[in-house]
Trainee: 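This is the structure I have questions about; it appears just below.
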Amino acid sequence: MKTKKVIVGLSGGVDSAVAAYVLREQGYDVHAVFMINWHDTTGLLSGGCENDEDQKVAELVAKQLDIPFEKVDFSEIYAKKVVDYMFSEYEKGRTPNPDVLCNREIKFDVFLDKAMELNADFVATGHYCRKETITTNDKTYYRLLAGSDNNKDQSYFLCQLSQSQLEKALFPIGDVEKPEVRRIADEISLINAKKKDSQGICFVGKVDLPTFLQQQLKAQTGDIIKIPETHPQYNVSEPTGNAEIDLLKHQSRPYIYKPEDGEKVGEHDGAHFFTIGQRKGLGIGGMKQPPFVIETDTINNIIYIGEGKKHPGLFRKGLFISKEELHWIRPDLELKTGEVLETDARIRYRQPLQKAKLHMKTNAAYLIFDEKQRGITSGQFAAFYIGDELIGSGVIA
RNA sequence: UGACCGAUUGUGUAAUGGUAGCACGACAGGUUUUGAUCCUGUUAGUCAAGGUUCGAAUCCUUGUCGGUCAG
């Protein structure tokens with residue numbers, strides 16, 4: 001049997017380097033490709049020449065592992081699919097997750113296509129997650145599972161992948177824990193064995209968001225309104241009728257504020273530079289407890305805040321996802337209208353899974369948590385798990 | 001204009017003659033392949049000028065500014 005060819009997306013980091021090594025040890029024909037997806041350094045913190053650095057490191061790692069190395073430049077498509085999406089989401093007043101898009105549109109799309117052009121059987125990345133194959137009713141399905149290292153599980157970032165994308169993907173270090181990855185890297189003397197983990201937007205880096213966004217969204221002074229925790233909206237009783245949909249809508253409703261609901265306590269320079277749950281950057285002192293953003297109104301350019309981390313405006317029982325923005329990694333598990341799924345869900349990376357019920361209705365899915373959730377933010381992804389399998393996700397409305 | 005009250009880091013406040021603290025903010029690190037959150041550290045102040053006292057944020061005088069009454 002012919003050895004399978006795998007193309008590893010080598011980033012310069014330790015995870016993808018060890019992933020490449022593991023594959024090589026498993027007998028695959030391993031090739032490395034470094035993706036250049038971004039050139040601009042606007043708003044970049046910490047210098048800016050990390051990209052070049054990563055490129056060199058990746059090349060050296062490939063040399064150390066004795067595998068072929070090449071670079072590809074997807075920056076044009078990255079700008080179109082990921083960065084444009086970011087700006088348009090922020091413009092709508094939502095808070096996007098560029099890395100989820102980057103995986104769906106770049107690493108497991110154009111990069112995967114490129115790999116197929118090069119006659120690869122698979123692409124591999126250094127993600128901490130696992131893939132499993134099962135067969136039901138004579139059909140093969142790929143399961144996306146959490147990484148074994150509970151602390152590093154990155155399945156969340158892959159919550160928008162499809163079966164055809166998963167089919168071609170390998171996650172060689174998904175069953176390894178991070179310290180072990182470091183140990184392996186050290187054992188085989190990889191030059192990046194001790195390199196610090198990367199952070200920030202994948203390929204762009206750690207940026208100062210307001211600076212970055214000001215390239216396209218202009219700064220404009222607006223009011224910061226403080227909402228008291230006694231706002232009547234928090235104590236609206238649940239609808240008593242027998243229509244379940246009314247209850248779901250009630251439980252998943254976003255809070256809506258008007259300037260008269262509170263008092264002006266300061267000014268900001270652009271509501272879209274802030275997100276729900278945010279504390280830093282408001283510049284408002286003199287309170288007993290820190291203020292947090294509880295809502296942003298980008299149309300009227302107003303930020304609403306609440307005092308204290310337990311302010312009721314920070315918590316919601318549920319959320320909803322419009323039907324068009326729902327995605328099933330496992331199409332065979334897709335809910336039909338009227339069905340309810342007991343699920344474990346998360347609304348951000350590294351959040352411990354939360355017990356919830358997903359109610360599928362005609363136009364939307366309603367995710368109702370057992371415990372109220374802090375900082376439910378539209379534009380972010382809610383991911384649904386059954387056990388450690390990620391079965392679907394959707395954009396929070 | 002008269003009377004009274006007040007003035008402490010960027011903000012809100014403690015300290016009634018004896019080491020100017022706290023919270024929030026801001027800044028810097030740390031955690032984190034999104035945005036956030038979170039953790040640690042740093043920062044900075046007695047309105048001004050005199051006086052009493054061994055010693056003044058604190059007591060006295062004057063001034064400046066702010067507020068409340070009176071008009």
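In the text below, chain A, chain B and the rest are named by the order of the sequence lines, each starting its count at 1.
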Trainee: Between B/rA44 and B/rG25, how far apart are the two C1' atoms, rounded to whole Å?
Mentor: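 Approximately 11 Å lies between the C1' atom of B/rA44 and that of B/rG25.
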Trainee: Over how many whole Å does the gap from A/Phe157 atom CZ to B/rG35 atom C1' extend?
Mentor: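 Those two atoms, CZ and C1', are 10 Å apart.
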Trainee: Give me the distance, rounded to whole Å, that separates B/rA23 from B/rA56 when you measure between the P atoms they each carry.
Mentor: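 To the nearest whole Å, 28 Å.
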Trainee: Could you tell me how far apart A/Lys206 (NZ) and B/rG30 (P) are, to the nearest whole angstrom?
Mentor: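 Atom NZ in A/Lys206 sits about 11 Å away from atom P in B/rG30.
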Trainee: Testing A/Val265, A/Ile224, A/Ile305 one by one against A/Pro291 for a side-chain contact (heavy atoms from CB on, under 4.5 Å), which residue passes?
Mentor: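 Between A/Pro291 and the candidates, side-chain contact (heavy atoms from CB on, under 4.5 Å) is satisfied uniquely by A/Ile305.
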Trainee: Checking contacts here: which listed nucleotide (B/rG25, B/rU37, B/rU34) is nearest the side-chain heavy atoms of A/Asn97?
Mentor: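 From the listed options, B/rU34 comes nearest.
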Trainee: Now, which nucleotide makes the Watson-Crick or G-U wobble pair with B/rU40, with each of the two distances under 3.5 Å?
Mentor: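 WC or wobble partner is B/rA28.
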Trainee: Going by modelled atom types, is there a donor-acceptor pair between the base of B/rU37 and the side chain of A/Gln278 at under 3.5 Å?
Mentor: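 No such pair is found, so the answer is no.
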Trainee: Check whether the side chains of A/Gln354 and A/Gln373 place a donor and an acceptor atom closer than 3.5 Å, and report yes or no.
Mentor: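 Indeed, the side chains of A/Gln354 and A/Gln373 share at least one donor-acceptor pair under 3.5 Å.
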Trainee: Measure from NZ or CZ of A/Arg374 to the centre of the six-membered ring of A/Phe292 and say whether it is under 6.0 Å with the direction within 45° of the ring axis.
Mentor: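 Judged by the rule, A/Arg374 and A/Phe292 form a cation-pi pair.
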Trainee: Which whole number of Å gives the distance between the C1' atom of B/rU68 and that of B/rA36?
Mentor: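 So the two C1' atoms sit 45 Å from each other.
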Trainee: Kindly point out which of B/rG35, B/rC27, B/rU31 is positioned nearest to the side chain of A/Lys280?
Mentor: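 Among the listed nucleotides, the one closest to the side chain of A/Lys280 is B/rC27.
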Trainee: Measuring only the P atom in each nucleotide, how far is B/rC24 from B/rG66? A whole number of Å is fine.
Mentor: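 One P to the other, the span is 32 Å.
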Trainee: Need the pair for B/rA23. Rule: Watson-Crick or G-U wobble, both distances under 3.5 Å, any strand; none if unpaired.
Mentor: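 Its partner is B/rU11 (Watson-Crick or G-U wobble, both distances under 3.5 Å).
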Trainee: If we call it a pair only when both distances are under 3.5 Å in a Watson-Crick or G-U wobble match, what pairs with B/rA56?
Mentor: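 B/rA56 is unpaired by these criteria.
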Trainee: Mind checking the C1' distance from B/rA26 to B/rG10? Whole angstroms is fine.
Mentor: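 That atom pair is separated by 8 Å.
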Trainee: Hey, which sits more toward the 5' end of RNA chain B by its nearest nucleotide, A/Pro98 or A/Phe292?
Mentor: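 Closer to the 5' end of RNA chain B: A/Pro98.
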Trainee: Can you tell me how far C1' in B/rU46 sits from the matching atom in B/rC22, rounded to whole Å?
Mentor: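 Comparing C1' positions in B/rU46 and B/rC22 gives a spacing of 16 Å.
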Trainee: Atom CD1 of A/Ile294 and atom P of B/rU37: how far apart are they, to the nearest Å?
Mentor: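 To the nearest whole Å, that distance equals 15 Å.
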Trainee: Side chains of A/Lys309 and A/Gln289: donor-acceptor distance under 3.5 Å anywhere?
Mentor: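 The answer is no; no qualifying pair exists.
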Trainee: Measure from NZ or CZ of A/Arg330 to the centre of the six-membered ring of A/Tyr141 and say whether it is under 6.0 Å with the direction within 45° of the ring axis.
Mentor: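 Yes, a cation-pi geometry holds between A/Arg330 and A/Tyr141.
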Trainee: For residues A/Val100 and A/Cys159, determine if any side-chain heavy atom of one lies less than 4.5 Å from a side-chain heavy atom of the other.
Mentor: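 They are in contact (side-chain heavy atoms under 4.5 Å apart), so the answer is yes.
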Trainee: Round to a whole Å and report the spacing from CD of A/Glu295 to C1' of B/rA36.
Mentor: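 After rounding, the reported distance stands at 15 Å.
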Trainee: What's the gap between B/rG21 and B/rU43 when it is taken at their C1' atoms, as a whole Å value?
Mentor: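 Between the two C1' atoms, the distance is 15 Å.
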Trainee: Applying a 3.5 Å limit to both distances, which nucleotide forms a Watson-Crick or G-U wobble pair with B/rG6?
Mentor: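 Paired with B/rC65.
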Trainee: Between B/rC59 and B/rU40, how far apart are the two C1' atoms, rounded to whole Å?
Mentor: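 Roughly 43 Å separates the two C1' atoms.
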Trainee: Taking the nucleotide of RNA chain B with the closest heavy atom to each, which residue, A/Cys202 or A/Gly277, is nearer the 5' end?
Mentor: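 Looking at RNA chain B, the more 5' nearest nucleotide goes with A/Cys202.
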Trainee: Check every atom of B/rG35, B/rU34, B/rC24 against the side chain of A/Arg279 and return the nucleotide holding the closest atom.
Mentor: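 Within the option list, the nearest is B/rC24.
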Trainee: Could you identify the nucleotide paired to B/rU16, looking across every strand shown and requiring Watson-Crick or G-U wobble geometry with both distances under 3.5 Å?
Mentor: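 The base-pairing partner of B/rU16, which may sit in any strand shown, does not exist here.
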